[in-house]
There are 2 protein chains.
Amino acid sequence: MTDGNGVTPLDGHLGYWLRFVSNQVSHAFATKLAARGVTVAEWVVLRELFERDAVAPSALAERLGMTRGAISKLADRLATKELITQGPDPARLPHDRRYQTLALTLDGRALVPELSALADRNDAEFFGHLDPGERVVIEEAMKGIVRRLGLRSVPVE
Amino acid sequence: MTDGNGVTPLDGHLGYWLRFVSNQVSHAFATKLAARGVTVAEWVVLRELFERDAVAPSALAERLGMTRGAISKLADRLATKELITQGPDPARLPHDRRYQTLALTLDGRALVPELSALADRNDAEFFGHLDPGERVVIEEAMKGIVRRLGLRSVPVE
DNA sequence: GCGCGATAGTTTCCTTGTCAACCACTCAGG
DNA sequence: CCTGAGTGGTTGACAAGGAAACTATCGCGC
């Protein structure tokens, strides 16, 4: 797996191909989302809030593998777009005023299924032609890696 | 593939898993490279220059899927670290003074095999346990996607 | 009750990339 | 010639995230 120089070519690494394709997929998705005025990171947050309404910023940071600072700014952006609301945690009030809660607005909630359709389309464009066997192998391999290395989210160093 | 809401779960997309793993791989690699004071983008440039000495910035931009502006700044950084040299294109001189050429310094050239070893190790950590069959399926699927969609590099919109 | 450490969130600074305007240079047509 | 279109490279404004310092708040131990 080395060339004449004793140095592995870039594309000799599986990681190279994964990165290449993954970047393309994300980029294509970002373009689709941009038409709706949303970034990929914003989409992920919206999607997360759709599932479990009323989430604490730090919990989001944990789940999404971003820093609390990043979530803080992201939340501000989404609030400005009127897609989410920020407020004190009603479940904890009046006890702990440190906690915040993010939740979808009606607009935000209505938007998620539309964006989800874009995500489906995007995935199909890239992976739709794979035969089910291949698909399973790839998906299981990825899940296996995640499990084996105990990966949670990106920044956990 | 949809949950009760009629919305596909995030992890129902193959792209999600690819991105997840790919991010982890890159992040782990970035950490290893950081110990040598190099970023992933810089590594890719060094690796590219290692193969074909004397490359034009715009050619690099094309190959690596970055803008010319990004390469310009990246080259400055690498030059500051004395890993590459920037100069007029000797092959074209004295004809076209617009062309520039990037080339590794001796330090830069000596560094590549060391970084390559890190890349090998990183890839092995994540993918070393896959059996050869799985590996081939994944790699071929990725290459197939690249070929099928005529992908060249990220930004080609 | 008080103070001190932990914890949630915010803010500041830094890095790195894109985008778009810009400069320098070449060359082809009049 | 000289002008103008095209190309290679650089620069400046901006976006987005990470790291770390900072703020506000809480609750435990004395």
Side-chain angles (χ1 to χ4, degrees), chain A residues 19 23 26-27 30-31 33-34 37-45 54-81 84-102 153-157, chain B residues 19 23-24 26-28 30-31 33-34 37-45 54-81 84-102 153-157:
Chain A
R19 176 136 213 84
N23 279 348
S26 284
H27 189 259
T31 303
L33 286 178
V38 174
T39 68
V40 174
E42 287 166 7
W43 149 251
V44 175
V45 168
V55 172
S58 58
L60 264 185
E62 174 73 17
R63 285 185 63 81
L64 306 188
M66 300 175 64
T67 61
R68 290 173 316 186
I71 294 290
S72 183
K73 298 167 197 169
L74 222 172
D76 285 350
R77 269 178 271 151
L78 284 169
T80 305
K81 294 180 187 172
I84 71 171
T85 58
Q86 304 167 288
D89 188 339
R92 238 176 266 256
L93 255 179
H95 289 46
D96 198 330
R97 235 170 307 182
R98 286 170 304 182
Y99 287 72
Q100 292 288 308
T101 284
L102 308 181
S153 48
V154 176
V156 177
E157 197 147 356
Chain B
R19 175 138 214 81
N23 279 349
Q24 299 278 356
S26 283
H27 188 259
T31 303
L33 286 178
V38 174
T39 69
V40 174
E42 288 166 5
W43 149 250
V44 176
V45 168
V55 173
S58 59
L60 265 185
E62 173 73 17
R63 285 186 63 82
L64 307 187
M66 301 175 63
T67 61
R68 288 173 311 175
I71 294 290
S72 183
K73 295 167 192 170
L74 221 173
D76 285 349
R77 271 178 270 147
L78 284 169
T80 306
K81 294 180 188 171
I84 70 170
T85 58
Q86 302 168 291
D89 188 339
R92 237 176 266 255
L93 253 181
H95 288 46
D96 197 330
R97 236 167 309 181
R98 287 170 302 183
Y99 286 73
Q100 291 288 309
T101 283
L102 308 181
S153 47
V154 176
V156 178
E157 198 145 357

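Worth knowing before you read on, the calculation uses all heavy atoms, side chains too, and leaves out hydrogens, waters and symmetry mates. We name chains A, B, ... by the order of the sequence lines, and we start the count at 1 in each one.
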Nearest-Å distance for atom pair [atom1]/[atom2], residues [X] and [N]:
| X | N | atom1 | atom2 | result |
| --- | --- | --- | --- | --- |
| A:H27 | C:dT18 | NE2 | C1' | 9 Å |
| A:E62 | C:dA8 | CD | P | 11 Å |
| B:L60 | D:dG8 | CG | P | 14 Å |
| B:M66 | C:dC19 | CE | P | 12 Å |
| A:N23 | C:dT18 | CG | P | 11 Å |
| A:E42 | D:dA16 | CD | C1' | 10 Å |
| A:Q86 | C:dA8 | CD | P | 17 Å |
| B:Q100 | D:dT11 | CD | C1' | 15 Å |

For this session: Please check the phosphate of D:dG8 (OP1 and OP2 only) for any side-chain N or O of B:S58 closer than 4.0 Å.
Result: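 So the side-chain polar atoms of B:S58 never come under 4.0 Å of the phosphate oxygens OP1 or OP2 of D:dG8.
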Problem set entry | Of residues 71-81 of chain B, the positions that come close to DNA chain D - non-hydrogen atoms, cut-off under 4.0 Å |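 Within this stretch, B:S72, B:K73 sit under 4.0 Å of the strand.
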Minimum-distance pair of heavy atoms, taken over all atoms of [X] and [Y]:
| X | Y | result |
| --- | --- | --- |
| A:A75 | A:L102 | CB-CD1, 4.0 Å |
| A:S26 | A:V40 | O-CG2, 4.2 Å |
| A:L33 | A:W43 | CD1-CB, 3.7 Å |

Given [options], identify the nucleotide with an atom nearest to the side chain of [X].
| X | options | result |
| --- | --- | --- |
| B:R68 | D:dT10, C:dT18, C:dG9 | D:dT10 |
| A:A70 | C:dT18, D:dG17, C:dG9 | D:dG17 |
| B:A41 | C:dG17, D:dG17, C:dA8 | C:dG17 |

For this session: Kindly compute the distance separating CZ (A:R68) from NZ (A:K73), expressed to the nearest 0.5 Å.
Result: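 It comes to 12.5 Å.
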For this session: Using the side chain to side chain contact (heavy atoms under 4.5 Å, CB included) rule, pick out the option among B:V44, B:V45, B:I84 that qualifies with B:L74.
Result: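 So, applying the side chain to side chain contact (heavy atoms under 4.5 Å, CB included) to B:L74 and each of B:V44, B:V45, B:I84, only B:V45 qualifies.
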For this session: Applying salt bridge (charged side-chain N to carboxylate O under 4.0 Å, His left out), name anything that partners B:K81, two or more places apart in sequence or on another chain.
Result: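 In terms of salt bridge (charged side-chain N to carboxylate O under 4.0 Å, His left out), with neighbours along the sequence ignored, B:K81 is linked to B:E42.
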Problem set entry | side chain to side chain contact (heavy atoms under 4.5 Å, CB included) between B:Q86 and B:D76, worked out | CA-CA 8 Å; B:Q86 302 168 291; B:D76 285 349; 3.1 Å; yes
